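Structure, as C-alpha cells:
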Amino acid sequence: MRAGRDLLSLTLIAAAAVLLFGGAAQAAPITIGSPLSGTFKSGTLPAATLFNLSLPEAGAQATSPVDGAIVRWRVLDAAGPLRLRVLRPLGGKSYQSVGASTTVNPASLGTEAFATNLPVRAGDTIGIDSATGSKLGYQLGGPIAGWVPPLGEGESSEYVATEPVELAFNADVQPRPTVTALTPSSDSIRGGSTVTVAGTDFAGVSGVSFGSVPATAFSVGSEGSLTAVVPASAGPGTVDVTVTTVAGTSPVSAADRFTYVACAVPKLKGLKLKAARKKLRQALCRPGKVRLRGGATAKTGRVVKQSPKPRTTLAPEAKVNLTLR
C-alpha cells in the first residue's frame with residue numbers, strides 16, 4: 001500500500017456499525033492497540049471511524065482485557081483532526097460507539113500522547129475518528145475495519161469490509177480497583193480504628209468508603225495495599241468497603257465486607273443476676289453496677305430495672321447497670 005493512499009478506498013465503502021468481547025483483570029496500566037513498532041508510513045484518511053480488528057505483534061491486544069478507564073492515547077505519523085473513540089462489540093460485525101475523547105490536532109509526525117478519561121469495559125476496542133485529509137501512520141498487518149462516515153455517539157452498525165494494514169495508535173487503560181481482603185474485618189460502631197485494605201490497582205485513589213460513608217482518612221502504600229480510618233456507624237451491621245480511582249469504584253464482593261459491632265442492650269427484666277450477665281456478654285455488653293433492693297441478694301434477686309434501657313445501641317463492652325429485688 002502506498003503512503004498517502006486513502007486507507008479505506010481499497011475495500012471500505014460508505015456504511016456504518018459496532019462489536020464486543022470479555023477479559024480478566026490485570027495490573028495497571030494496560031496498553032491496548034498498536035505497539036507502534038515496525039515501519040510506519042503516514043497515510044491519508046477519509047472522514048471515517050477506523051479500528052484495528054486484530055494485531056499481528058506478539059502480545060498486542062486489540063481489545064481491553066479489563067473494566068476501567070482510558071487515561072491516555074497515542075498516535076504516530078499523524079496530522080489533522082483526530083479523535084479516539086471507544087467501540088463496544090454487539091456480536092458479529094456490529095459495534096456501538098460508547099464514548100469519545102476531545103478532538104486533537106497532532107503537532108508533528110512523531111509519536112504524540114493525549115490525556116483523556118474514557119470509561120471502558122472488558123472487550124471494548126478503540127477506534128480513530130478522522131476528517132477528510134487527516135493523516136495517520138500505517139503498515140502492512142492488521143486487518144483494520146471501519147465506517148464511512150464516522151460513527152456518531154451512541155450509534156451502532158456493522159463495519160464495512162476489512163483492509164490488511166495496521167493503524168498507528170494505542171491507548172492506556174487504568175483497570176478498575178478491586179478489594180481482596182480487610183484486616184481487621186470488624187470493629188466498633190464508634191469507628192476510629194485503622195483497617196488495612198488489600199487489593200489491586202490502587203493507583204490514584206480518590207476515595208475509600210464504608211458502605212455509603214467515606215473513610216475518616218486513608219493512605220495508599222502501594223498499588224496493592226492502603227490503610228483507612230473507619231468512620232462511625234449509626235448501628236451494627238455489615239457494609240462493603242469500596243475503593244474509587246479514576247478508573248471507577250471497586251466491585252462489591254465477599255472479600256470487602258466489614259462488620260460494625262455494638263452492645264445491643266437486651267431486655268433483662270425478671271432474670272437472675274447470673275442469667276442477666278450471660279445475656280449481656282452475648283450482646284457484647286458488660287454488667288455495670290448492681291444495686292440490691294428489698295432484701296434481695298446476688299443469688300436470689302431478679303432484675304427489676306436496668307440502665308440503659310433495652311434496645312439501646314452502644315459501643316462494644318459498654319456497661320449496663322442493674323437493680324435487683
Side-chain angles (χ1 to χ4, degrees), residues 18-37 51-55 57-75 83-90 95-102 111 113-128 169-183 195-210 214-215 218-228 240-258:
V18 182
L19 167 70
L20 216 170
F21 270 61
Q26 308 177 12
I30 299 166
T31 299
I32 59 173
S34 170
L36 305 184
S37 59
F51 70 104
N52 288 309
L53 189 60
S54 64
L55 294 162
E57 295 89 351
Q61 303 182 88
T63 62
S64 176
V66 296
D67 292 348
I70 296 173
V71 295
R72 189 179 305 103
W73 60 289
R74 303 174 193 82
V75 292
R83 178 168 56 187
L84 188 75
R85 184 165 294 281
V86 178
L87 301 170
R88 183 157 298 157
L90 301 177
Y95 285 75
Q96 183 179 22
S97 167
V98 293
S101 70
T102 57
T111 301
F114 308 95
T116 190
N117 185 2
L118 291 173
V120 66
R121 291 184 191 172
D124 288 350
T125 191
I126 52 173
I128 283 283
F169 73 102
N170 64 28
D172 291 340
V173 176
Q174 173 73 38
R176 188 164 65 152
T178 63
V179 174
T180 57
L182 303 175
T183 308
V195 169
T196 298
V197 182
T200 62
D201 300 302
F202 294 166
V205 176
S206 58
V208 179
S209 294
F210 287 70
F218 66 88
S219 177
V220 179
S222 68
E223 281 198 0
S225 180
L226 62 81
T227 57
D240 292 291
V241 177
T242 55
V243 176
T244 299
T245 70
V246 66
T249 298
S250 58
V252 298
S253 69
D256 68 25
R257 290 173 185 159
F258 181 86

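On a predicted model such as this, the values are computed, not experimentally measured, just so you know.
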Looking at side-chain heavy atoms only, is the closest gap between [X] and [Y] below 4.5 Å?
X      : Y      : value
Gln174 : Asp201 : yes
Pro65  : Ile30  : yes
Leu84  : Ile70  : yes
Val208 : Phe202 : no
Ile128 : Val75  : yes
Phe114 : Thr102 : no

Show your reasoning for whether side chain to side chain contact (heavy atoms under 4.5 Å, CB included) applies to Ile126 and Trp73. CA-CA 10 Å; Ile126 52 173; Trp73 60 289; over 6 Å; no
If I compare all heavy atoms of [X] with all of [Y], which pair ends up nearest, and what's the gap?
X      : Y      : value
Asn170 : Ile32  : CB-O, 3.1 Å
Ser64  : Arg121 : CB-O, 3.8 Å
Ala62  : Leu53  : CB-O, 4.1 Å
Ala247 : Pro175 : CB-O, 3.3 Å
Ser101 : Thr116 : CB-OG1, 3.7 Å
Leu182 : Val197 : CD2-CG2, 3.8 Å

Would Arg85 and Ser97 satisfy side chain to side chain donor-acceptor pair (under 3.5 Å), going step by step from the backbone distance to the final call? CA-CA 7 Å; Arg85 184 165 294 281; Ser97 167; 2.5 Å; yes
Reported [atom1]-to-[atom2] distance for the pair [X] and [Y], which is rounded to 0.5 angstrom:
X      : Y      : atom1 : atom2 : result
Ser34  : Glu57  : OG    : CD    : 5.5 Å
Phe210 : Asp240 : CZ    : CG    : 11.5 Å
Phe169 : Leu36  : CZ    : CG    : 10.0 Å
Phe258 : Ser209 : CZ    : OG    : 13.5 Å

Quick one: does Ser250's side chain have a donor or acceptor within less than 3.5 Å of a partner on Val243's backbone? yes
Indicate whether the side chain of Thr196 and that of Thr183 have a donor and an acceptor atom separated by less than 3.5 Å. no
I'd like to know if the side chain of Thr249 pairs up with that of Thr244 as donor and acceptor (distance under 3.5 Å, no hydrogens or angles considered). yes
